[in-house]
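Whatever order the structure lists ligands and atoms in, that order sets their numbers, starting from 1. Quick note: numbers below take in every heavy atom, side chains included, and nothing from hydrogens, waters or symmetry partners. These numbers were taken from a predicted model, which means no experiment stands behind them. Quick note: residue numbers are just sequence positions, from 1.
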Amino acid sequence: MRVGIGYDSHRFADGRPLVLGGVQIPGERGLSGHSDADAVAHALTDAILGAAAAGNIGQLFPDSDPQWKDADSMELLRTAHELVRGRGHALVQADLTVITETPRLGPHLTAMAASIAGRLGVPAGAIGVKAKTNEGMGFIGRGEGLAVIAVALLEAR
Ligand code: MG
């Protein structure tokens with residue numbers, strides 16, 4: 001068994017869709033970024049790569065590379081999982097926390113977990129997604145952006 005942690009944060013931006021875990025969340029603002037800025041997918045990608053000591057998302061998919069502009073980050077996540085599977089590790093379980101003041105993500109958490117599980121080919125119960133606010137503190141509290149923390153457990157296959 002191997003465990004990995006991932007963290008990601010993105011700044012909110014007008015005129016972009018908000019996509020988290022491959023689910024489009026209704027609202028006025030999305031996240032800025034080179035890819036589709038899906039911070040949930042990015043944090044989980046780093047957790048999976050970290051558990052396998054296989055580097056990080058920036059090494060695999062550099063944001064200096066035009067081929068990843070507006071990339072589907074769920075596909076980057078799937079590719080990272082395939083990479084670690086190729087090294088003999090498979091995802092057993094992941095737990096994620098999204099930290100943001102707005103929008104309220106409660107109604108979307110089940111869809112996000114199902115979306116991730118579906119893309120990675122793991123049982124729905126293997127993925128947990130939670131959300132909380134930052135109690136008004138710091139950049140998250142001011143509504144400048146959001147952050148995601150992910151933990152992934154891999155086992156040898
Ligand atoms: Mg990111």
Side-chain angles (χ1 to χ4, degrees), residues 2-85 89 91 93-106 108-109 111-120 122 126-134 137-154:
R2 305 178 64 114
V3 67
I5 187 168
Y7 171 85
D8 196 32
S9 59
H10 280 259
R11 188 179 288 274
F12 283 118
D14 292 327
R16 283 175 61 97
L18 178 60
V19 181
L20 294 173
V23 175
Q24 190 159 335
I25 314 285
E28 289 168 10
R29 297 186 304 171
L31 296 169
S32 68
H34 185 68
S35 66
D36 64 5
D38 185 336
V40 166
H42 294 176
L44 183 53
T45 299
D46 261 356
I48 289 172
L49 291 172
N56 64 64
I57 188 170
Q59 293 170 325
L60 243 63
F61 312 107
D63 64 8
S64 55
D65 188 334
Q67 87 170 283
W68 309 123
K69 178 151 174 47
D70 297 323
D72 173 4
S73 296
M74 291 293 285
E75 198 53 27
L76 308 186
L77 170 62
R78 192 190 64 76
T79 301
H81 186 223
E82 286 304 309
L83 183 144
V84 303
R85 283 166 59 98
H89 309 293
L91 179 67
Q93 183 245 328
D95 187 25
L96 296 102
T97 298
V98 185
I99 310 156
T100 187
E101 301 294 327
T102 57
R104 293 288 177 176
L105 296 177
H108 307 288
L109 298 176
M112 289 161 60
S115 163
I116 294 166
R119 190 70 71 108
L120 297 181
V122 299
I127 308 293
V129 184
K130 310 183 296 302
K132 62 189 302 167
T133 73
N134 213 37
M137 296 181 287
F139 76 90
I140 295 172
R142 292 189 296 272
E144 295 170 14
L146 61 70
V148 182
I149 299 167
V151 171
L153 183 70
L154 307 184

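Within Asp8, the N, O or S atom at minimum distance from the Mg ion (ligand 1) carries the name OD2. Taking the N/O/S atoms of His42 in turn, the shortest distance to the Mg ion (ligand 1) belongs to ND1. Among heteroatoms of the N, O or S kind in His10, NE2 lies nearest the Mg ion (ligand 1).
Here Asp38 fails the criterion, with no N, O or S atom under 2.8 Å of the Mg ion (ligand 1).
To the nearest 0.5 Å, the span separating NE2 on His42 from CE on Met74 amounts to 10.5 Å. Separation of atoms CG (Leu120) and CZ (Arg78) is listed at 9.0 Å; rounding is to 0.5 Å.
Among residues two or more places apart in sequence or in another chain, the ring pair (Phe, Tyr, Trp, His ring centres under 6.0 Å) test is passed with Phe12 by none.
Nearest heavy atoms, Ile57 versus Asp46: N-OD1, 2.7 Å.
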